[in-house]
Structure formats: C-alpha cells, structure tokens
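Every value quoted in this text rests on a predicted model; they were computed, and no experiment measured them.
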Amino acid sequence: MTTAAESATSLVQSVDWLAIAPPLTAAAVALVVLVADLFVTEARKPLVGYGAVAGLVAALALIIPLHEGDRSTFCLTTGSRACSYTADHFTLVIQALVLGGALLTAMLSIGDTRKLPAGEFWFLLLSSAAGAALLPASRDLATLVVALEVASLPAFALVGIKRGDRRSSEAALKFFLSSVVATAVMLLGVSFVYAATGTLHLTDLAGRLGHVDPALSTLAGAGVALTLVGFAFKTAAAPFHFWVPDTYVGAPLPIAAYLSVVGKAVGFSGLILVTVVAFPAYAEVWGPALAVLAALTMTVGNVAALRQSASRARSAVRLLAWSSVAQAGYLLVPVAAAAYAGERRIGSTVAYALMYAVVNLGAFAVAALVARTRPGNRLDDYRGLYATRPLAALALAFFLLCLAGLPPGIIGLFAKVTVFSAAVDAGLGWLAVVMAVNVVVALYYYLQWTAALFRGPSEEEAAPAVRHRTPAPLTAAIVLTAVAGIVLSGAPQTVLRFAAVNLF
C-alpha cells in the first residue's frame, strides 16, 4: 500500500541542472555583478562590465553540452508527463542567438556607460538576457509569460536609464505602457485558454483545443486570438509597432541594438511556440491572420523608412528602427506558412533571424562608433565615412547590403530566398508577391545610405571632427559581426540546409 509520504514524494519534480544552466548562469552573474558594484571603486567600474561579458560567454559555452537537444525538466510526474522546460534544438538555437546578442550588446556598452549607473546597467542587461534565454525553453503558458516579463521588465529600465534625459524617459514610458497593455491582453487570453482546456502545458493544449466542449469553443477561440495579439505587440507587428521608433531613438544606442535583435527574438520565439506547438488546432485562424500581419508590417516599415530625412537628428537610428519593423514582416512569413505546410517552415524564420541578428548588430555597432564623434547620428553624418574610417564604412556597407539581400551580402539574399520559398510552398503566392515588392522598395534606402558612405563630404562635413579613442570591445564587436557575415556569405547553402531542419 502506498503511504501518504510516498505519494507526496512522487509529485516532486526532478531538476536537470545542466539543462537550465544557460539562463541560470546569466541570472547568477547578474546578482554577482550587482553586489560587486558596491565594492568596486569608480576607477575600476569597467571591470564590472568585463565581468558581465565573461558571464555571458560562460552562459553561451554551457549550451554546447546540450547539443543533442534531448533534455527536459520540471516535468509532471503523473498524467501526460508534460514538461515545463525543454532544451530541444529550437531552444538551443534561440538561446545561442539571444545570449550572443546580449554579449555583443555588452561589448558595445563597455566604454559607453561612463554617465550611466554601471552596476544597475549590467544587472538589468544580464537579467533581461536570462529571461530571454528562458523563454524558448518554456513549454507551458505560465512559464512563457513569466520568461517574457523577466526579459521585458529590465528592458524598460534600460531604455530610460539615461538620467535627466527627457527623450530617454519618454521612450521608456511609451515602451512600458505598450508592453503592459500587451501583457494584460495576453494574460486575459491565457486565462480564457486555461478555462476552456484545464491545462497550461503547450503539448497538452495542442490535443485538448481540438476537442473543446462546444459550450466553451467561443471562449477558447477568444483566448487564442487575445494571446496572439499580445505577442503581436512583442514582435512589433503592424499595427502594434507604434512604440518602436521613439523607443529606439530614446534608448542608449547599445540598448536599441539589443531590442532590435534580442527583443525581437524573444517575441518571435514565443509566437512560434504558441502557434505551432500549442494552437495547431486553430491554424486556419492564425495562419491567414499572420499572413495579413506580415504583409502589413513589411509594407509599413519600408514606407516609413523611405520617408526618413537625412538631416534629421538621429535619422540613422530611426531608419534602422523602421527597417527592423520591415524585417519583422519577413520573419512572420514562415510562421504564417507553418499553418499551411507544417512546422518545418519554422526553420526559415530561425535561419532568417540568425542572419538578421548578425548584420543588424553590426550596423548598430558602426552607428555607435560614428555617434562617438557625431552625437546627432544623422544619415548625413555618414556621408564620406570611407574617407575618415574606411574599414568601418566597408563594414557598414556590407551589413546594409546583407539587409537588402544584394551581393556581396549573399547571406541576406539566401535568407530572403528561404522565406520567399516558404510562402510559395505554402500556397501563399500573394504574400510572396507582396514580399518581393517590399524587397525592391527597401533597396532604395539601403543603397542610398550605402552610396553616401563613399561620397565626398560637403564643406561643413569636411571640418575635422574631434577624434576619440575607440574602445577595444566596440572594435571587436564590429569585427566579429563582419567576420560572421562574411563566413556565412561564403557558405550560403548552410542557410538553406538549416531552414529545412525540423527544430522541434
């Protein structure tokens, strides 16, 4: 006969510490950095930043032992034995992306945190990275929402961390309010889904949503719709994108880079999990909806990017912000295609996200370099950059051509081909046409910026600017992203093979 003690013991979930090591390491280092900041003198504050970099490197290294992608933990001990945390191939790829993005953000930030509270800055960055690394491994809606907020809440503070800067405070407020609304809508949707199915685990939801009591079908459908709307905010899909340009402009430049890559990866990985893993029974609803959102998002982003004035203050960051909105539209295409052609299409989204992360972080790194001598960061400030900083100009030209999908940025071209193919194979010919038109439209502003790098500066721009010593980590970030882009462009077929991999 089973005793009460034995019955209680059987409900205790085991913990696979190696599986949770990447996000756990980032969180632990965040606490260490915060405490260490109390004992470090002002002259040694940069050491805190280097400690944060070391912690992110360690978190990345801990992904390697998990390469088999066969670990799960926090699993139910009875019933379906569903798990709340799974380190499969999808999880590991996204964790590598977000932790790598956080690492490059940290490298951009070293030397640029002189006027910022160092301890708080590094603690918030590492905390957000820990939440971002937890999210792709989440396999129940409660863990998913908690991870999303752990990634988002520190980001609000990072956007507004420039004390006394009205633009930074305004950006943080807009970001906060939009995210709070998104979270509230998402939580309402999650509660409806739970009420209709009685479970939060994604794998269990996939089975139960197909057999919901007819009396609860409307509640379930509303829950699915509201959950997707919440994630549409997080991915900056139009018309839920309005917070992006002002947030990027008001945030410190490294944080704008972080939001453009890591923030987007968090939103898309969550969207992929709820659609492909949890809500396949409603594919006929979210498939067309995401296809329309993809078309609208890429169009709005590209049209707004075209309208940027080269002489407007911070127009370079605004253009990158609107470009990121357009790129979100491309990223949505394979997710929508998965509703028609199966989950294997998700590989195209992840492949595109990896390319986008490398080149977009590189573009922001060069923007951070230019901002050291020209704080206005206008597009006009980049005119003639090749004459003063030839290597930086060549790197930025390469990054912009990758985003445009033109040689020598072959990786960008092949990434777009995988997304285009996903739409065509899923029978979404109209969406493929919209994408093709938008790619052509985007060529104008990418090539215009690229051409300006090699033009002769005007008389005003030719005046010698004050030169500042470039921090070694910033130089290293530009070099790393450029080398990664070149290597990927040298083996573009890797993208095609990766896009065909079943990540789940």
Side-chain angles (χ1 to χ4, degrees), residues 88-90 93-94 136 189 193 202-203 205-212 217 220-232 234-235 237-240 264 267-300 326-356 414-439 495-504:
D88 56 13
H89 290 112
F90 174 80
V93 171
I94 300 298
V193 170
L202 304 186
T203 51
L205 282 171
R208 297 191 188 185
L209 279 173
H211 304 88
V212 173
S217 60
V224 170
L226 290 174
T227 304
L228 294 180
V229 167
F231 277 105
K234 301 295 184 180
T235 57
F240 312 107
K264 200 172 297 299
F268 271 95
S269 54
L271 181 65
I272 288 169
L273 288 173
V274 296
T275 52
V276 175
V277 179
F279 301 156
Y282 282 81
E284 72 279 1
V285 175
W286 56 258
L290 291 182
V292 172
L293 281 181
L296 182 62
T297 302
M298 65 178 75
T299 303
V300 168
Q327 300 291 338
Y330 304 145
L331 286 163
L332 279 170
V333 171
V335 184
Y340 303 90
E343 65 186 31
R344 292 182 69 87
R345 296 299 166 196
I346 296 305
S348 298
T349 286
V350 178
Y352 195 94
L354 290 171
M355 179 282 301
Y356 167 77
F414 270 68
K416 283 183 168 61
V417 167
T418 63
V419 172
F420 189 85
S421 299
V424 172
D425 293 344
L428 296 172
W430 68 269
L431 183 56
V433 172
V434 172
M435 179 182 172
V437 171
N438 273 278
V439 168
V495 176
L496 298 179
R497 286 199 299 266
F498 184 86
V501 172
N502 189 356
L503 296 173
F504 293 105

Show the nearest heavy-atom pair for residues [X] and [Y], with the distance to one decimal.
X: Gly223; Y: Thr227; result: O-OG1, 2.8 Å
X: Leu209; Y: Ala278; result: CD1-O, 3.6 Å
X: Lys234; Y: Gly267; result: CB-CA, 4.1 Å
X: Val212; Y: Ser217; result: CG1-N, 3.9 Å
X: Pro334; Y: Ile346; result: O-CD1, 4.5 Å

[atom1]/[X] to [atom2]/[Y] distance, rounded to the nearest 0.5 angstrom?
X: Ser348; Y: Leu331; atom1: OG; atom2: CG; result: 11.0 Å
X: Ile94; Y: Leu354; atom1: CD1; atom2: CG; result: 7.0 Å
X: Tyr352; Y: Phe414; atom1: OH; atom2: CZ; result: 14.5 Å
X: Leu273; Y: Phe231; atom1: CG; atom2: CZ; result: 7.5 Å

Are [X] and [Y] close enough that some pair of their side-chain heavy atoms sits under 4.5 Å apart?
X: Pro288; Y: Tyr340; value: yes
X: Leu293; Y: Pro239; value: yes
X: Lys416; Y: Met435; value: yes
X: Val434; Y: Met298; value: yes
X: Val193; Y: Phe279; value: yes
X: Val277; Y: Ile272; value: no

task: Name all pairs fulfilling the side-chain hydrogen bond (donor to acceptor under 3.5 Å, both in side chains) condition that reach into residues 280-299, sequence neighbours left out, sorted by first residue then second.
output: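 Residue pairs passing side-chain hydrogen bond (donor to acceptor under 3.5 Å, both in side chains), neighbours aside: Thr299-Asn438.
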query: Who are the side chain to side chain donor-acceptor pair (under 3.5 Å) partners of Tyr356, not counting sequence neighbours?
result: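 By the side chain to side chain donor-acceptor pair (under 3.5 Å) rule, Tyr356 matches Asn360.
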Kindly list each side-chain donor-acceptor pair under 3.5 angstrom involving residues 417-433, sequence neighbours excluded, with atom names and distances?
unit_1	atom_1	unit_2	atom_2	d
Thr418	OG1	Ala415	O	2.6
Ser421	OG	Val417	O	2.8
Asp425	OD2	Arg345	NH2	3.4

task: Only counting residues at least two apart or in another chain, list the ones meeting ring-ring contact (aromatic ring centres under 6.0 Å, His included) with Phe240.
output: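 ring-ring contact (aromatic ring centres under 6.0 Å, His included) check on Phe240 returns Phe233.
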field: Partners meeting ring-ring contact (aromatic ring centres under 6.0 Å, His included) with Phe90 (sequence neighbours left out)
entry: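 Listed in chain order: Phe504.
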message: If the condition is side chain to side chain contact (heavy atoms under 4.5 Å, CB included), which residues does Val300 pass it with, not counting sequence neighbours?
response: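 Once residues adjacent in sequence are excluded, the partners of Val300 under the side chain to side chain contact (heavy atoms under 4.5 Å, CB included) criterion are Ala238, His241, Leu296, Trp322.
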